[in-house]
Amino acid sequence: MAKSIGVGVIGIGMGGTMLPLNLDENSPFEVRSLCSGTASKVEAVAREWDIPHWTTNYRETISRPDIDVIGIYSPDHLHIEHVTAALDAGKHIVCTKPMVTSVEDADRLVKLVDEKGVKFLVGQTMRFEPEFTAAKSQLDRGLLGDLILVEGHYVHDMRHVFPSTPWRRDVPQDLMYGGISHPLDIMRWLVGDIEEVHAYGNRAGLTPEVKIKANFILNVKFVNGVMGRVLGMYDVVHPPMPMMGIGLWGSKGTLMADYTDLKGGHINVVYDDIEGQPVGTFDFPPETLGAYGHGDTVLRYMAQFADCLEHDREPSPNVRDGAKSVSTCAAAAQSIETGEVVKVRNEF
Amino acid sequence: MFRSEPVLDDRTEEARLQMAELGVGVVGLGMGRSLLAVNGMPDFPATVRGVCDLVDDATAAAKKEFGVEFTTNRIDALLDRPDIDIVGIYTPDHLHKDQVIQALEAGKHVLVTKPMSINSQESEEIISAVKRTGKRVMPAQTQRYVQSHMAVRRFIDQGEFGDIYFVAADYYQDLRPVYDHTPWRYQHPQDFIYGGLSHNIDTMRFLKGEIVEVGGYGMNSGLDPRYPEGIFETFVLNTRFEDGTIGRIAMAPAVRPPLPNIYVQVFGTSGTFVPNQIVLDSFEGKPVIDFDFTSENWSFAEIRVLRNFVDSILADKPQALNEIDGARITAVGDAITASVTSDGSPRKVRLDF
């Protein structure tokens, strides 16, 4: 396939996962510009991958006429600045999660994307992990019956991540958005919009310089009446459980799907109509490409994005999905402060 | 194997042998049948001497298989027996309060299966009956005596997990086969906020202490049409403890999930537990340590509960749980009821019993 769509990438840690697009003969995308805060690093990566343009000034990347899509992989709190600049330049956008970290910014982005008429994909990797897409397929085909209860978790001992991305510790990253958006997005994908949330949070103090809460539990009620809950623990001695997981309790079956960076995933499922109710297990092999092993996942979501651009389809998750995840996180944060159940804004 | 607490440790073997053995009467041979096995344990310091059940076949089997001397289908006949010191109440939940008080009034110590009571008014009545009679009540909260949970508690007590900041206890049980052999659960029906969640609640109390606030959502799964519509049996709840520790509870009587029946998580500043694995922060590389417990059914935990009660009575020491514990577990249930039947906002738990 001709490399007909130019891509500029802001942030080359997680953003480095876009580079294998250049080797993918089935992808129309070609990374043509890289931007990172550290000149020596960005130059080294650009030379290694034979990228014609590199810079430490993101406006240079955004303003290049040979670039149609901007991939934004900067620290969470910078997304709004980078996305709005790219939208002003009329570019299509792929923005890693969390899309932004406030409802006001989410609102701005929805309006801007509508106004510009561009495509916007939130890079929520969980939607593109094979074990979770297989779980959705089981649910959508009715194999689990009517959904009763759904849960999601993302737990990660961030002490192991801080050395490679110190901004998470120093800014610090608000993991109510940067962490919880993972399970919330996939639960929204599986079940639908969330109506209200109650949350508690605390900190364990394992990283003394991070003063904000980084351990969260959420109860959610979906608009369709299904109940759910979310576990997000980041100030934590990594527990002996998969990094990410979902649980689906249906009237015909119960399914647990999990994923751990670089270790692959599983589906464990019990179907009510199999006598003896054995636990069926599917093993999904590890994927190891790119940062955190998310490279294959990024290639999958970019394939979807290519399809959206070519056939004028709406990406999943799009800017409104991103906004609703952000507003759910914001409601949970508010619940922790007030101690009350908080309604989630879903009108964007 | 059935040593529960180190209550006996300060007594000599000789003193122990001189101890009078206690007599036990069991009311309700469904769940209560678990206790009969002690009659086959020569060094167990109590013997089941009487049983009461409405089903004659059940009492006859107790006599035949476990040598129980006295059988009846009238609780007052059992309570009249002078050779019975402890009465185990294993009847449907809504009968507990009256039967516990009746047994106390008859001068017996009472072991009562969970839940001790199904509202705080009942708890108050039991507490005053204990004061009035000077006899003991022990709620038989078996989860404290499940091997895995005893091990977690041991790690906590040893300080291996550091300061605990998150505790969870989920309860997954496909209730359809349970309804088949205990139809009272859907006929009466059983209120699972008390009859089911008391397992989760006491497990969390055992591992962390008193729950001060709880809230969340409930629904009726509709999985078994025998259980009446409009009454909740599926729950997701958030809990908070005095020191800021957070926790959560789920109960899902759905198709058996590929998870343990009771799923406990404990996260501390230097270690974490999920069934049945731990990670300790002090180990380089953070290896996952697996514990392979012998699989046991719930009878074993039930017998450990009885052992603690018997040992405590004989040694004149407090039992692991008393009527105040039972009242506090029920009070958490009351707070859950208030939350799930309104807007889901958290409710304070009454602790002043």
Side-chain angles (χ1 to χ4, degrees), chain A residues 144-146 148-149 151 155 157 159-160 196-206 215-221 225-229 231 233 235-241 247-256 266-273 277-281 335 338-341, chain B residues 161-166 168 170 172 174 176 213 215-223 234-240 244-248 250-259 265-281 286-290 339 343-346:
Chain A
L144 304 176
D146 297 327
I148 298 164
L149 179 65
E151 69 168 10
V155 294
D157 185 343
R159 292 175 299 172
H160 305 304
E196 59 181 43
V197 57
H198 173 262
Y200 286 133
N202 66 16
R203 63 186 284 273
L206 299 181
N215 294 327
F216 308 105
I217 51 177
L218 284 64
N219 280 334
V220 298
K221 192 195 278 180
V226 170
M227 304 189 308
R229 60 179 196 164
L231 178 72
M233 309 292 276
D235 186 9
V236 64
V237 179
H238 194 89
M241 56 191 286
L248 299 168
W249 279 260
S251 57
K252 294 183 185 172
T254 304
L255 181 149
M256 311 277 133
H266 310 87
I267 285 181
N268 293 307
V269 62
V270 177
Y271 299 110
D272 201 33
D273 61 353
Q277 298 189 325
V279 177
T281 298
S335 176
T338 63
E340 297 299 320
V341 172
Chain B
F161 294 155
D163 296 327
I164 308 301
Y165 49 87
F166 173 70
D170 300 332
Y172 303 121
D174 186 344
R176 293 169 296 179
E213 190 178 274
Y217 301 117
M219 69 181 286
N220 184 309
S221 69
L223 193 64
T234 305
F235 303 93
V236 291
L237 303 161
N238 284 336
T239 64
R240 201 167 57 74
T245 293
I246 57 179
R248 62 180 198 167
M251 175 171 172
V255 178
R256 177 175 83 92
L259 291 173
Q265 292 166 303
V266 177
F267 293 2
T269 51
S270 54
T272 53
F273 169 89
V274 308
N276 278 321
Q277 300 176 316
I278 65 170
V279 170
L280 297 176
D281 206 34
K286 312 285 187 289
V288 173
I289 306 164
D290 283 284
S339 179
D343 65 346
S345 61

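In what follows, chains are A, B, ... by sequence order, proteins preceding strands, each numbered from 1.
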Practice item. Go through the steps for A:Thr254 and B:Arg256 under the test side-chain contact (heavy atoms from CB on, under 4.5 Å), then give the verdict. Key: CA-CA 7 Å; A:Thr254 304; B:Arg256 177 175 83 92; over 6 Å; no
Hey, does [Y] have a side-chain heavy atom less than 4.5 Å from the side chain of [X]?
| X | Y | answer |
| --- | --- | --- |
| B:Pro346 | A:Tyr200 | yes |
| A:Gln277 | B:Asp174 | yes |
| A:Val237 | B:Phe267 | no |

Between [options], which residue shows the highest count of heavy-atom pairs closer than 4.5 Å to chain A?
| options | result |
| --- | --- |
| B:Leu280, B:Thr234, B:Leu223, B:Ile278 | B:Thr234 |
| B:Leu237, B:Thr245, B:Ile164, B:Leu259 | B:Leu237 |
| B:Val266, B:Asp281, B:Val288 | B:Asp281 |
| B:Lys286, B:Arg176, B:Gln265 | B:Arg176 |

Review point. Is it true that a side-chain atom of B:Asn238 and a backbone atom of A:His198 form a donor plus acceptor pair closer than 3.5 Å?
Key: yes
Point to revise | Under the ring-ring contact (aromatic ring centres under 6.0 Å, His included) test, residues paired with B:Phe235 that sit two or more places apart | key: none
Check your understanding: Got a sec, which residues hit salt bridge (Lys or Arg N to Asp or Glu O under 4.0 Å) with B:Asp343, two or more places apart in sequence or on another chain?
Key -> B:Arg347
Part of [X] within contact of chain A (heavy atom distance under 4.5 Å):
| X | value |
| --- | --- |
| B:Tyr217 | both |
| B:Asp163 | neither |
| B:Ala168 | neither |

For chain B, find which of [options] contributes the most heavy-atom pairs closer than 4.5 angstrom.
| options | result |
| --- | --- |
| A:Leu248, A:Asn202, A:Val341, A:Val220 | A:Asn202 |
| A:Met256, A:Met233, A:Arg229 | A:Arg229 |
| A:Glu340, A:Glu196, A:Lys252 | A:Glu196 |
| A:Thr281, A:Leu144, A:Val236 | A:Val236 |
| A:Gly201, A:Gly250, A:Gly205 | A:Gly201 |

Revision key, fill the gap. The interface call for A:Asp146 against chain B, heavy-atom contacts under 4.5 Å, is neither
Review point. Heavy-atom distance under 4.5 Å to chain B: side chain of A:Ile217, backbone, both or neither?
Key: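 Contact with chain B involves both backbone and side-chain atoms of A:Ile217.
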Study note, to complete from the structure: Scanning both residues in full, the closest heavy-atom pair of B:Gly216 with A:Asn219 reads CA-ND2, 3.8 Å
Review point. Which atoms form the tightest heavy-atom contact between A:Ile148 and B:Ser221, and what is the distance?
Key: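 Smallest heavy-atom distance, with atoms named: CD1-CB, 3.8 Å.
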Exercise for review: Go through A:Glu151 and B:Arg248 one step at a time and tell me if the side-chain contact (heavy atoms from CB on, under 4.5 Å) criterion holds.
Suggested key: CA-CA 12 Å; A:Glu151 69 168 10; B:Arg248 62 180 198 167; 3.8 Å; yes
Practice item. Test B:Val279 against A:His238 for side-chain contact (heavy atoms from CB on, under 4.5 Å), laying out the working first. Key: CA-CA 7 Å; B:Val279 170; A:His238 194 89; 5.9 Å; no
Practice item. Show your reasoning for whether side-chain contact (heavy atoms from CB on, under 4.5 Å) applies to B:Val255 and A:Trp249. Key: CA-CA 7 Å; B:Val255 178; A:Trp249 279 260; over 6 Å; no
Review point. Which one of B:Asp290, B:Ile289, B:Thr272, B:Asn276 satisfies the side chain to side chain contact (heavy atoms under 4.5 Å, CB included) criterion with A:Pro240?
Key: B:Thr272
Review point. Atom CZ of B:Phe166 and atom CG of A:Asn215: how far apart are they, to the nearest 0.5 Å?
Key: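 Rounded to the nearest 0.5 Å, the CZ-CG separation comes out at 9.0 Å.
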